[in-house]
There are 2 protein chains.
Amino acid sequence: MAIDRDSVLNAAVGVLSRQPNAAMDEIARAAGVSRATLHRLFPGRDALVREVGALALRRFAQALDDARIDEGDAVAAVRRLVDAVIPLSQLCAFLTGESKLYEDTGINEAWDRLDARVRALFLRGQQEGAFRIELPAAWLSEAFLDLVAGVGWAVQDGRLAPRDSAHALAELFLGGATRRPAP
Amino acid sequence: MAIDRDSVLNAAVGVLSRQPNAAMDEIARAAGVSRATLHRLFPGRDALVREVGALALRRFAQALDDARIDEGDAVAAVRRLVDAVIPLSQLCAFLTGESKLYEDTGINEAWDRLDARVRALFLRGQQEGAFRIELPAAWLSEAFLDLVAGVGWAVQDGRLAPRDSAHALAELFLGGATRRPAP
DNA sequence: CCCATCTGAGACACAACTGTCTCATCAGTG
DNA sequence: CACTGATGAGACAGTTGTGTCTCAGATGGG
């Protein structure tokens with residue numbers, strides 16, 4: 001039976017989100033395969049990283065679709081987005097680390113497209129009067145994604161319980177992003 | 001005249017916060033010195049990174065002192081902390097990236113001590129009734145530092161205006177961390 | 001049982017980075 | 001002007017990771 005590519009990719013995410021410059025040797029060991037097999041599955045390290053990045057971005061885009069962020073109340077949309085994105089927080093941590101490391105045009109463009117979709121959600125929320133207009137939508141998007149990555153790191157290192165993470169992220173972020181009911 | 005070590009360190013921060021695994025060659029070029037001089041100033045790459053890390057941690061600790069986070073109203077203390085830490089956001093971005101790359105015991109311990117001080121501030125705020133108790137103080141600290149690093153990256157890449165950064169950080173974070181005046 | 005296929009272990013050359021060296025050049029000083 | 005000290009450029013070996021290869025062993029189907 002051919003070794004499961006997805007399991008290898010998942011193991012690679014686990015290693016690379018902690019150590020973005022991990023060697024193929026470590027990735028192979030973490031995936032439970034030999035270095036030779038890892039090279040048989042992926043043409044090289046760059047290809048592996050790109051594939052992990054593409055996987056992460058695909059799942060992220062799927063999460064945005066699943067959360068239906070263009071529909072209904074913006075605050076509710078953000079809550080759906082949080083729930084959809086929390087399982088991907090480790091992937092998000094990988095992507096934030098990776099985007100600092102490499103200059104892969106494809107990954108960066110896809111990341112920008114995702115960021116634009118999130119930004120549009122916050123812009124819509126501002127236009128609806130739900131989100132504070134004195135905070136730039138770009139900053140809200142940036143901060144949201146930073147916090148998702150932060151959740152990924154915190155959960156990975158055991159500093160945050162996974163079952164608390166969605167609530168912690170949603171409450172902290174929405175508390176800061178939404179307009180106060182009464183000054 | 002001996003080349004200014006500090007200017008080299010600052011240049012190193014600029015490069016390493018973007019590319020944590022940048023080569024000595026790139027760091028030297030960014031600092032405007034030759035690779036030979038860089039090696040004359042610092043015994044090696046590890047020493048350089050450690051020194052940059054130590055500098056960042058010292059400045060961070062100094063910022064905590066300057067902000068007098070143990071005194072007075074917790075919310076006001078956080079605002080002072082934001083103002084003191086914003087100029088160091090790039091250093092914070094470096095530290096976050098670096099801690100994922102290396103396992104330098106000294107840096108990690110010092111980072112944990114800083115994190116504990118910040119955590120104590122939020123814990124105090126919760127005990128005073130200013131901060132929401134349903135969010136773990138550890139998460140507040142984690143999120144705060146993630147956002148500071150995020151500010152560093154966003155400013156560095158031109159996605160956030162430096163003069164807006166303190167306000168953006170303080171308002172978003174405090175909005176999420178403080179208890180709502182009335183439900 | 002035999003065979004096809006896949007996997008793991010190891011060897012190998014190649015590339016990149018590091019750390020050290022030498023030497024020429026340049027600036028400041030007496 | 002001569003001299004001292006620091007710097008830049010380049011060469012060099014050593015180390016580490018990569019990519020490819022071969023070969024032996026395991027696994028599963030016919």
Side-chain angles (χ1 to χ4, degrees), chain A residues 1-56 94-95 97-108, chain B residues 1-56 94-95 97-108:
Chain A
M1 181 189 99
I3 281 190
D4 191 6
R5 280 175 68 97
D6 286 347
S7 73
V8 173
L9 283 176
N10 286 330
V13 171
V15 175
L16 290 172
S17 61
R18 290 178 203 265
Q19 302 178 338
N21 56 355
M24 292 291 271
D25 198 3
E26 305 174 61
I27 300 173
R29 222 174 314 138
V33 300
S34 71
R35 203 165 65 90
T37 301
L38 190 58
H39 274 284
R40 286 188 193 104
L41 290 173
F42 305 96
R45 189 198 151 80
D46 285 358
L48 170 61
V49 172
R50 261 197 305 274
E51 199 140 350
V52 173
L55 169 74
F94 159 78
L95 282 173
E98 204 65 20
S99 69
K100 307 289 182 296
L101 284 179
Y102 297 96
E103 300 181 349
D104 188 304
T105 312
I107 285 187
N108 282 338
Chain B
M1 179 190 101
I3 282 190
D4 191 4
R5 280 176 65 96
D6 286 347
S7 72
V8 174
L9 283 177
N10 286 331
V13 170
V15 176
L16 290 173
S17 61
R18 289 179 205 264
Q19 304 178 335
N21 55 356
M24 292 291 270
D25 197 2
E26 306 174 60
I27 300 173
R29 221 174 313 138
V33 300
S34 69
R35 206 164 63 90
T37 301
L38 190 57
H39 274 284
R40 285 189 194 102
L41 290 173
F42 305 95
R45 189 198 151 82
D46 285 358
L48 171 61
V49 172
R50 262 197 304 274
E51 200 140 351
V52 174
L55 169 73
F94 160 77
L95 283 172
E98 204 65 19
S99 68
K100 304 291 180 294
L101 283 181
Y102 298 97
E103 300 182 349
D104 188 306
T105 313
I107 286 187
N108 283 338

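Since this is a predicted model, take the numbers as computed values, not measurements. In what follows, chains carry the letters A, B, and so on, assigned in the order in which the sequence lines appear, proteins first and then strands, with residues in each chain numbered from 1.
- Residue pairs meeting the side-chain hydrogen bond (donor to acceptor under 3.5 Å, both in side chains) criterion with at least one member in residues 41-50 of chain B, sequence neighbours excluded, are B:R45-B:Y102.
- Partners of A:A22 under the side chain to side chain contact (heavy atoms under 4.5 Å, CB included) rule, at least two apart in sequence or in another chain, are A:V15, A:L16, A:Q19, A:E26, A:I27.
- The 5' end of DNA chain C is approached more closely, in terms of each residue's nearest nucleotide, by A:L38 than by the other of B:E26 and A:L38.
- Taking the salt bridge (Lys or Arg N to Asp or Glu O under 4.0 Å) definition, one finds that A:E51 meets it with A:R5, sequence neighbours left out.
- Among residues two or more places apart in sequence or in another chain, the salt bridge (Lys or Arg N to Asp or Glu O under 4.0 Å) test is passed with A:R18 by A:D157.
- Qualifying side chain to side chain contact (heavy atoms under 4.5 Å, CB included) partners for B:A11, counting only residues two or more places apart in sequence or in other chains: B:A31.
- Contact check, B:S34 against D:dT7: no side-chain N or O comes under 4.0 Å of OP1 or OP2.
- Sequence neighbours left out, the pairs with a member in residues 28-37 of chain B that pass salt bridge (charged side-chain N to carboxylate O under 4.0 Å, His left out) are B:D25-B:R29.
- Taking atom CZ of A:R5 as the reference point, atom P of C:dC6 lies 14 Å away to the nearest angstrom.
- What separates CD of A:Q19 from P of D:dT16 is a distance of 16 Å, to the nearest Å.
- Axis angle between the ends of the helix from C:dC1-D:dG30 to C:dG30-D:dC1, five pairs each and rounded to 10 degrees, works out to 10°.
- The distance from atom CG of B:L41 to atom C1' of D:dG8 is 13 Å, rounded to the nearest whole Å.
- Taking every heavy atom of both residues into account, A:S7 and A:D4 meet most closely at OG-O, 2.9 Å.
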Using a cut-off of 4.0 Å between protein heavy atoms and nucleotide atoms, how would you tag nucleotides 18-23 of chain D 5' to 3' with B, S and -? BBB-B-
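- Shown here are the salt bridge (Lys or Arg N to Asp or Glu O under 4.0 Å) partners of B:R40, two or more places apart in sequence or in another chain: there are none.
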